[in-house]
Amino acid sequence: MKWIVLLMLLVGGCSSPIAGMATAGSVVTQAHLSAGGQLDAARDKALDEVEAQLPAGPERNAELDRVAAEWQPVGEALDDLKGAIEVYAQSVTLAHAAGTGEEILPQLVALLARVVLLYDTVVDLARALGEELPHLPEMVRALARSVGGVQ
Amino acid sequence: VIEAIVAALFRAIADAVPGVLAEATGKKNDDEAVNHLNELVKKMPRRTGAGGTWDADLAARKHKTT
């Protein structure tokens with residue numbers, strides 16, 4: 001795991017493993033915020049179109065339900081990603097509070113790999129709805145799986 | 001090779017997502033980095049289920065009369 005320490009120091013430009021892992025967490029959190037904002041706008045647009053096309057009433061509500069249901073899987077994937085990022089952030093915070101460093105890195109990297117794979121799920125589901133989000137190379141996905149992510 | 005792949009991961013995100021590049025390159029000490037992460041995490045909304053922004057939005061739309 002030494003290479004991960006070095007990588008995080010290099011990539012994050014940070015002075016310690018904890019700062020590096022926290023910075024990596026900030027990167028994926030920002031990615032979640034950005035992807036979520038794009039998907040919020042796209043979903044709003046789809047539902048706005050329903051409201052513009054149909055008068056208020058049962059027919060419009062049924063169509064709103066239908067369109068919203070199309071977006072439900074990607075919304076749930078965003079929430080799964082949010083949950084995984086929260087667990088990761090809590091783990092980094094606890095590691096920092098406990099004064100641990102390299103000894104907990106394998107667990108943190110496994111959590112980060114899971115976050116990466118969940119982000120990729122969001123990308124795939126968004127694409128099915130016509131929304132393109134930044135995509136990760138297949139080799140990166142394979143690495144995340146090998147490091148310990150679950151898909 | 002592995003180092004290059006993982007570095008590519010963060011570069012791929014940093015290059016493609018607005019705001020991420022600054023996150024990846026900003027230098028912070030442990031306290032600053034952890035606090036910053038926790039502040040960012042608080043900004044992520046829940047979208048589905050109880051209290052979810054998407055579910056609340058749908059309910060509001062279905063209650064509109066115009």
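Here is the naming used below: chain letters follow the sequence lines, and residue numbers restart at 1 for every chain.
Counting heavy-atom pairs closer than 4.5 Å to chain B, the top-ranked of the candidates E86(A), K82(A), H32(A) is K82(A). Contact count against chain B (heavy-atom pairs under 4.5 Å) is highest for D44(A) among D44(A), L39(A), V92(A). Of the listed residues Q38(A), E51(A), R43(A), Q72(A), the one with more heavy-atom pairs under 4.5 angstrom with chain B than any other is R43(A).
Contacts of residues 60-68 of chain A with chain B at a heavy-atom distance below 4.5 Å involve R60(A), N61(A), L64(A), D65(A), A68(A), listed in sequence order.
Within the 4.5 angstrom heavy-atom criterion, no atom of N35(B) approaches chain A. The parts of L47(A) that come within reach of chain B are both its backbone and its side chain, each placing non-hydrogen atoms under 4.5 angstrom from that chain. With a threshold of 4.5 angstrom between heavy atoms, D80(A) does not approach chain B through any atom at all. Contacts of E76(A) with chain B are made by both backbone and side-chain atoms, with heavy-atom separations under 4.5 Å.
For T100(A) (side chain) and A95(A) (main-chain N/O), a donor-acceptor pair under 3.5 Å exists by modelled atom type. No donor-acceptor distance shorter than 3.5 angstrom exists from the side chain of R47(B) to the backbone of L78(A), with no hydrogens or angles considered.
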Salt bridge (Lys or Arg N to Asp or Glu O under 4.0 Å) assessment of D124(A) paired with R127(A) | CA-CA 5 Å; D124(A) 290 342; R127(A) 181 178 297 114; 3.5 Å; yes
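Closest approach of T48(B) and G75(A) over heavy atoms only: CG2-C, 3.7 Å. Minimum heavy-atom separation, L125(A) to P73(A): CD1-O, 3.6 Å. Heavy-atom minimum distance, Y119(A) versus A35(A): CE1-CB, 4.5 Å. When all heavy atoms of W71(A) and W54(B) are compared, the closest pair comes out as O-CZ3, 3.2 Å.
The number of heavy atoms from other shown groups lying within 6.0 Å of NZ (K64(B)) is above 12.
Electrostatic pairing of R46(B) and D79(A) counts as a salt bridge here, judged by a charged N lying under 4.0 Å from a carboxylate O.
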